[in-house]
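Values reported hereafter were calculated over all heavy atoms of this structure, with side chains retained and with hydrogens, waters and symmetry mates removed.
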Amino acid sequence: MLALIRTALNRTNNISRSTCLWNAVNAGLSAALCPVILMVMNRTNGVDDAGMFAIAFAVAALMLFVGQYGLRRFQSSDIYEKYTVPEYHGMRFVTCGAMLIASTAYCFYGVFMRDYTLDKFLVILLICLLKENQAYADVVHGHMQQKGRLDVAAKASAVRFFAELASCCIALILTRSLLIATVICLVTSTAVLLLTTINAARDYCDTLRPSLSLQKCRQLLIDGFPLFASLFLNMYISNAAKYAIDQYLTDDVQAYYNYIFMPAFVIQLIAYFIFNPILTTYARLWLSEKKEDLKRLRSLIRRQCVLLLGLTALAVLVAFTIGIPVLSFMFGVNLGAYRDDLCLLMAGGGLMAYGVFFNYVITIIREQKYLLISYGITFIAARVLAGFFVTRWGITGAVILYTVLMAVLAVMLGIITLWKVRGRRIELTRP
């Protein structure tokens, strides 16, 4: 059976086409996970449980970056293999352990500082454990990408996301218990992880035994820290309004904000998956000493920026015309009062996609220190402004906060990208 699964994951007539197809499927399933579960939950359990699940998902998404430590992008663009698979693997054991500790600490903080119930404590912790699976799979998938088989990694992830989605929704319909559904989802995810990612790794990794060399772990911690910090802060900034709602308002308000935020969140997830395949290509072009390769890289960056502008304009248009009726139907609630908020959120989602793209480029050119500065400034702004916006204007304040923060971030990262690429062009044109 295991051999049949490996054969199915590896089967393809065209690796490039398979990579594009399965990355799209993977992105779609990942993006659909939270909104589809919320749709089902709103009908089976009600708005309060939906709000609880939404904040659990937001917290788990933040903790995921602790587990990944931002090393997937570093690993995928490590074309000269500065670090070995066992060294990346060992580092992932360390970061996943840190993720577990951080998740548990956050849950206890919620109990003592925000009056979380036992159910809320357990649901958040279980969703964080679910994301542990994703954090661990990420290091194996990164090596598959190094070996030119990102399609295999995307297939394995897609199967796991589908299993999580189906098991959670079926459990909700049958039990109407968020806690039981979360437990079933976690068990299913772990089983599928073993059958797909770990099973397929036998064809691409000589060993999955981790190397815990203190010197290498220390160096990876140093190399990866600016990227980890920027990604962690980016996720916090993206969800700052949700955390403020969790602190100052109620679970039902959290649910309504997440209903209209979901399309922007989908843009965010799709952006990550769209940009993942470009890492190796962009890295090779940047490291080349040929002026024509740099010219091609600049052309690709411009093309991506134009594409993002078009997608953002389309997203805002869809939000303005049919967005609210579709979301109201999906979640079974009347969202008619939030059309302007939805349009502004979609613009913010587009700005976030620009930030993600520039983040990737800055990572590839190994200027992560500038990411830390940019995200640090925006994080401080989020901490200072979040409570004020949310307590004064509620959901509308949360929407304005999100869009302003995304705009500030996109502008700073765009300026850094332009500056560094221009500097490289000047360097290559010198005699």
Side-chain angles (χ1 to χ4, degrees), residues 1-34 36-37 60-61 64-65 67-69 71-78 85-86 88-89 91-93 95-96 99 127 129-168 184-210 269-270 272-280:
M1 175 180 160
L2 294 178
L4 288 174
I5 292 174
R6 287 200 305 277
T7 300
L9 290 172
N10 283 285
R11 184 182 296 121
T12 181
N13 293 323
N14 185 309
I15 292 177
S16 296
R17 186 170 60 230
S18 180
T19 298
C20 292
L21 172 63
W22 283 102
N23 258 294
V25 172
N26 192 29
L29 286 169
S30 176
L33 190 63
C34 187
V36 172
I37 291 174
L64 175 62
F65 285 102
Q68 293 177 329
Y69 200 68
L71 288 175
R72 172 64 179 274
R73 299 180 194 180
F74 191 92
Q75 180 185 4
S76 300
S77 58
D78 185 10
V85 176
Y88 279 116
H89 204 75
M91 184 61 183
R92 191 54 52 96
F93 269 70
T95 57
C96 281
M99 177 182 174
I127 297 295
L129 290 175
L130 184 70
K131 291 296 181 182
E132 285 265 4
N133 285 343
Q134 185 174 340
Y136 177 73
D138 183 69
V139 71
V140 182
H141 294 168
H143 189 60
M144 291 175 180
Q145 185 171 359
Q146 278 182 303
K147 296 296 184 181
R149 293 308 303 267
L150 182 59
D151 61 314
V152 176
K155 288 177 190 177
S157 282
V159 171
R160 193 182 72 254
F161 284 137
F162 178 78
E164 291 171 0
L165 178 61
S167 62
C168 189
I184 291 173
C185 183
L186 175 60
V187 172
T188 303
S189 175
T190 305
V192 174
L193 173 69
L194 294 172
L195 290 171
T196 56
T197 295
I198 305 303
N199 182 25
R202 295 171 59 182
D203 294 330
Y204 301 96
C205 304
D206 296 331
T207 178
L208 287 180
R209 182 171 298 181
L269 286 175
I270 290 175
Y272 282 116
F273 284 104
I274 287 176
F275 298 145
N276 256 343
I278 71 175
L279 283 171
T280 305

Fill in the blank from the handout: To the nearest 0.5 Å, atom OG of Ser157 lies from atom CG of Leu150 at 9.0 Å
Exercise for the section: Kindly compute the distance separating CG (Leu33) from SG (Cys185), expressed to the nearest 0.5 Å. Expected result: 6.5 Å
Practice task
Please report the shortest heavy-atom distance between Ala60 and Ile127, naming the atom on each side.
Solution key: CB-CG2, 3.5 Å
Problem - Which atom of Val139 lies closest to which atom of Tyr88, heavy atoms considered - result: CG2-O, 3.7 Å
Handout entry: With Thr190 via side-chain hydrogen bond (donor to acceptor under 3.5 Å, both in side chains) - residues at least two apart
Key = Asn133
Handout entry: Donor-acceptor under 3.5 Å (Ser30 side chain, Asn26 main chain)
Key = no
Completion exercise
For Asn199, the side-chain hydrogen bond (donor to acceptor under 3.5 Å, both in side chains) test, sequence neighbours excluded, returns Arg6
Completion exercise
Across all chains, not counting sequence neighbours, the side chain to side chain contact (heavy atoms under 4.5 Å, CB included) partners of Asn14 are Ser16, Arg17
Fill in the blank from the handout: Taking every heavy atom of Ala135 against every heavy atom of Met99, the minimum-distance pair comes out as CB-SD, 4.1 Å
Exercise for the section: For Glu164, check side-chain hydrogen bond (donor to acceptor under 3.5 Å, both in side chains) against everything at least two apart and list the hits. Expected result: Ser189
Handout entry: Distance, nearest 0.5 Å, that separates CZ of Arg149 from OG1 of Thr19
Key = 7.5 Å
Handout entry: Exam field: side chain Thr95 to backbone Arg92, donor-acceptor pair closer than 3.5 Å
Key = yes
Problem - Ile198: side chain to side chain contact (heavy atoms under 4.5 Å, CB included) partners, not counting sequence neighbours - result: Tyr136, Leu193, Leu194, Leu208
Exercise for the section: List the atom of Thr197, the atom of Ala156, and the distance in Å for their closest heavy-atom pair. Expected result: OG1-CB, 3.5 Å
Problem - side chain to side chain contact (heavy atoms under 4.5 Å, CB included) against Val36, all qualifying residues, sequence neighbours excluded - result: Ala32, Leu165, Cys169
Handout entry: For Ser18, all residues meeting side chain to side chain contact (heavy atoms under 4.5 Å, CB included), sequence neighbours excluded
Key = Thr12, Trp22, Asp151, Lys155
Completion exercise
So CG of Leu2 and OG1 of Thr196: to nearest 0.5 Å the spacing works out to 11.0 Å
Fill in the blank from the handout: Rounding to 0.5 Å, atoms CD (Gln68) and CE (Met91) come to a distance of 13.0 Å
Fill in the blank from the handout: Sorted by chain and number, sequence neighbours left out, side-chain hydrogen bond (donor to acceptor under 3.5 Å, both in side chains) with Arg160 holds for none
Problem - Any donor-acceptor pair under 3.5 Å from Asp138 side chain to Gln134 backbone - result: no
